[in-house]
Amino acid sequence: MRVALNVNENTHVIPEAAVTDIVAALAVAVRGVNRYPDREFTELRDSLASYLGHGLTPDNIWAANGSNEILQQILMAFGGSGRSVLGFPPTYSMHSIIANGTGTTWVGAERDAEYGISPATVVRAIERVDPDVVFLCSPNNPTGTPLHLDTIAAAYAATRGILVVDEAYAEFMPDGQPTALTLLPGRERLIVSRTMSKAFAFAGARVGYLAADPAVTDALRLVRLPYHLSSLTQAAAIAALANAPAMLAMVDDIKQQRDRLLIELPKLGYPTGLSWSNFVLFGGVADPHAVWEALLEQGILIRDVGIAHHLRVTAGTEAETTTFLEALARIGA
Ligand SMILES: *Cc1c(COP(=O)(O)O)cnc(C)c1O
């Protein structure tokens, strides 16, 4: 595939200086792989707490092989048979898939117009469903829609259950926008989930993590498999986090390409909503499958997320984004 813009990866490779550090850390770790890894991944939790800031300590941090495993562990601990999880489709497809896989009943509730969720909407759904777990995705995938903190705070106040805010795309939010991390103090049932897959360009390494009250991380210790994070994963992630500024240097470029998509797609006849992530959902597509296939024939892979008359495209490098926009213009609305 010439241009892969279908799964919201960071399409930039990681910087050479970071590669050198990661390889050096892996070389040390390999010499110790006859031993089991640090099952408490203390140094990694320390690095993640420093990266997140907000006064978080290693006791607030948990990590796993991708945030998908984080979400699975959360539902193993707090969901399961006879329990329910509330979500707001269209949203990240893995939320309901992981619910099903853990035997947790998935209940979908409606969003407002333009895919937003107001405090009143979230409270009404929670009062109707009385879920054990609530999943909110901020910004939302596949729509890119921001979620305001007042909705998260209202959801927390309304539910007796665990509230999970999936912030996989937090680093792509506009500068200075507060994250759900700011709501953690005093909210011991709130979990903020993050990943190194997107902004850190680390999708292949499989590192997801969360910040929450230490009682939450203690509950996850009961369901994780022993030694679930390999010493190679831990070493690579620690070295990558030590290079955070370089690893995140491409985020601004990607945000520029996302903003370019938000400007150019409507000019081509494809309206968009607001996006605070590294992808854009665009509408006005008469036949999404036909457009998806016409792009594929030109070596460009994007995503048909199953929303009528819409397609989703990841912001790529400047060259990839240009290739996509030019091909789409040729296909016509
Ligand atoms: C991509 C994505 C993830 C990341 O999953 P990993 O398992 O960490 O690669 C999590 N949540 C959402 C909403 C995503 O779009």
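For ligands, and for the atoms within them, numbers begin at 1 and follow the listed sequence. We number each residue from 1, following the sequence as shown.
Using modelled atom types, one finds a donor on one side chain and an acceptor on the other under 3.5 Å when comparing E320 with T11. The closest side-chain donor-acceptor pair between Q298 and R2, if any, does not fall under 3.5 angstrom. A donor-acceptor pair shorter than 3.5 Å can be found between the side chains of S118 and T121. For the residue pair R111/T145, the side-chain donor-acceptor check at 3.5 Å is not satisfied.
Contacts of M196 with ligand 1, taken as heavy-atom pairs under 4.0 Å, are absent altogether. With a 4.0 Å heavy-atom cut-off, ligand 1 is reached by the backbone of N68 and by its side chain too. Using a 4.0 Å cut-off between heavy atoms, R206 contacts ligand 1 through its side chain alone, with no backbone atom that close. Residue C137 touches ligand 1 through its side chain alone, judged by heavy-atom distances below 4.0 Å. The proximity of S67 to ligand 1, defined as any non-hydrogen pair under 4.0 Å, involves the side chain as well as the backbone.
The protein heavy atom nearest to atom 15 (O) of ligand 1 is Y169 OH, 2.6 Å. For atom 11 (N) of ligand 1, the closest non-hydrogen atom on the protein side is D166 OD2, 2.8 Å. At the shortest separation from atom 9 (O) of ligand 1 among protein heavy atoms lies S197 OG, 2.6 Å.
Distances below 4.0 Å separate heavy atoms of K198 from the following atoms of ligand 1: 1 (C), 2 (C), 3 (C), 4 (C), 14 (C), 15 (O). Those atoms of ligand 1 that come under 4.0 Å of a heavy atom in A168, given as number and element, are 2 (C), 3 (C), 10 (C), 11 (N), 12 (C), 14 (C).
Ring centers of Y51 and F200: under 6.0 Å apart, within the cut-off. If you look at F88 and H95, their ring centroids are not closer than 6.0 Å.
The side-chain tip of R39 points at the ring of Y227 from less than 6.0 angstrom away and within 45° of straight on. Seen from the ring of Y156, R189 counts as a face-on cation partner, given the 6.0 Å and 45° thresholds.
Any N or O atom pair closer than 3.5 Å counts here, and H95 shares no such pair with ligand 1.
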